[in-house]
There are 2 protein chains.
Amino acid sequence: MPRAADTAYATLRQMILSGEAAAGSRLGEAELAETLGLSRTPVREALQRLGADGLVEVLPHRGARVVRWSRADLEEIFELRALLEPYAAERAARRRPDAAVLAELTALCDAMERSGDPAEIARLNSAFHGAVIDASGNRRLPALLTSVMHAPLIVGTFRRYDAGALARSMNHHRELVAALTAGDPDWAGSVMRAHIRAAAAGPISEEE
Amino acid sequence: MPRAADTAYATLRQMILSGEAAAGSRLGEAELAETLGLSRTPVREALQRLGADGLVEVLPHRGARVVRWSRADLEEIFELRALLEPYAAERAARRRPDAAVLAELTALCDAMERSGDPAEIARLNSAFHGAVIDASGNRRLPALLTSVMHAPLIVGTFRRYDAGALARSMNHHRELVAALTAGDPDWAGSVMRAHIRAAAAGPISEEE
DNA sequence: CTGACGGCAATTGCATGCAATAGTGGCAAA
DNA sequence: TTTGCCACTATTGCATGCAATTGCCGTCAG
């Protein structure tokens, strides 16, 4: 039986990412505790962790709220991704990922191209990028990027993609796998950079 | 009156950074609670936050320990600093920091060159880098870098510096201020990159 | 003598009661 | 009518008791 705090964390995280907990909405400890069938203590710990992840903001004596992303936030986040993820791709290519990892990445590409559901695609996309980051060999990168990886999910980048942009994104993924297979750091890094910049161009230019 | 959890966090953080709490040592909740004159609840919250910062590792049902840095950890950390801090310096130069920030940086340089105490220098150095990161305008960078900024403090990079390396470090700081004053992003980024690489060369090549 | 099994102590994890704080609404005075 | 103040309420923060899990140590079989 897992720890109650972990289940609370996972549940709340899912609620936020799925949009069930709207941005800006208040997250009362007592209310969540009742909903999840737990006491306030594990809920409180989960909110702390989500605050550290940047998914909620906790103000002293004022509780927790789901963060609302401004356009400036998205710009900052895509800048950081454009910095860190190409680095991860370069390192991964230099390390020559083993066949199992490459097969996993290819499988994720297949699944993404097959699926039509934006939410499903977003999840597979996260898994893809996470696998590349893991393949970089730097064990600190995953933790660093969790705080900036889920933002596009909330905003729903993939919903804004038209058919052309979506196809381009898929092609980027395929090309990245090729670059990793070839073990070409510069190629892999460049593709990843283009991939992030292309993703940034959509949501940032619009709304708010 | 500040929150007890915050004081616990600040105290424990200071204990770890100063070396009072040795690397690998166990941090029992009850023991710390008694020492700090608090209950276990705020201590527990502080340990969670320190765990998110990467300063301690918390294992389920097994408590918290001060993390012990391996040579591989230091390599990873300096790689990330070499990526993120030059970016921060570039952005800061592009934004043209106002006179107050430049004066603060200069004052920190003065204080560092005046001081002879390694611990004092380390603190001033942290303040200097923190100010540059703040000047970048990206409000997410500080949080990202906290998890990798304190590692050199624990290892005590400055203790390993001979007189020549120390002087070079000071010169880097001065040059960085000049580059920021000139508003030259490429210059600022290059100096910062050299600064980090030079700092990495020392501790990584030795010990463990 | 070595290995495994079982009970035991210590510590974390969770629940709940109480205190403290911030937001809110009403009331009174200008 | 508006503004400032005060009490009230709802919520967070902290303390403490109890349950659950882990690691340890002694014992016993092989």
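The figures here come from the full heavy-atom set of this structure, side chains too, leaving out hydrogens, waters and symmetry mates. Residue numbers begin at 1 in each chain, while the letters A, B, ... track the order of the sequences.
Residue pairs meeting the ring-ring contact (aromatic ring centres under 6.0 Å, His included) criterion with at least one member in residues 21-47 of chain B, sequence neighbours excluded, do not occur. Pairs engaging residues 53-65 of chain A under the salt bridge (Lys or Arg N to Asp or Glu O under 4.0 Å) rule: none recorded [sequence neighbours left out]. Residue pairs meeting the side-chain hydrogen bond (donor to acceptor under 3.5 Å, both in side chains) criterion with at least one member in residues 28-40 of chain A, sequence neighbours excluded: A:Glu29-A:Arg40, A:Glu29-A:Arg44.
Screening A:Thr106, A:Leu105, A:Val191 against A:Arg174 for a side chain to side chain contact (heavy atoms under 4.5 Å, CB included) leaves a single residue, A:Thr106.
Between the CD atom of A:Glu34 and the P atom of C:dA15 there is a distance of 13 Å, rounded to whole Å. Atom P of nucleotide C:dC14 and atom CD of B:Glu45 are separated by 15 Å, given to the nearest angstrom. Separating the CG atom of A:Leu38 from the P atom of D:dA19 is a distance of 18 Å, rounded to the nearest angstrom. What separates CZ of B:Arg44 from C1' of D:dT16 is a distance of 14 Å, to the nearest Å. The interatomic distance linking A:Arg3 (CZ) with C:dA15 (P) rounds to 12 Å, in whole Å.
For the contact set between residues 46-55 of chain B and DNA chain D, defined by any heavy atom under 4.0 Å, there are no members.
Judged by closest nucleotide on DNA chain D, A:Ala64 is the one of A:Ala64 and B:Gly37 placed further toward the 5' end. Each of A:Pro60 and B:Arg40 was matched to the nucleotide of DNA chain C holding its nearest heavy atom; the match closer to the 5' end belongs to B:Arg40.
The closest side-chain heavy-atom distance from B:Glu45 to B:Arg3 is below 4.5 Å.
For A:Arg94, the side-chain contact (heavy atoms from CB on, under 4.5 Å) partners at least two apart in sequence or on another chain are A:Arg91, A:Pro185. Looking at residues two or more places apart in sequence or on another chain, you find a side-chain contact (heavy atoms from CB on, under 4.5 Å) between B:Ser126 and B:Leu153. Judged as a side-chain contact (heavy atoms from CB on, under 4.5 Å), and not counting sequence neighbours, the contacts of B:Ala188 are B:Ala89, B:Ala93, B:Leu176, B:Ala179, B:Leu180. Among residues two or more places apart in sequence or in another chain, the side-chain contact (heavy atoms from CB on, under 4.5 Å) test is passed with B:Arg123 by B:Glu120.
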Between the protein and nucleotides 6-11 of chain C, list every N/O to N/O distance that falls short of 3.5 Å.
residue	atom	partner	partner atom	Å
C:dT11	O3'	B:Arg26	NH2	3.1

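Checked against C:dC14, D:dA15, D:dT12, the side chain of A:Ala5 finds its nearest nucleotide in C:dC14.
OP1 or OP2 of C:dC14 has not a single side-chain nitrogen or oxygen of A:Thr41 nearer than 4.0 Å.
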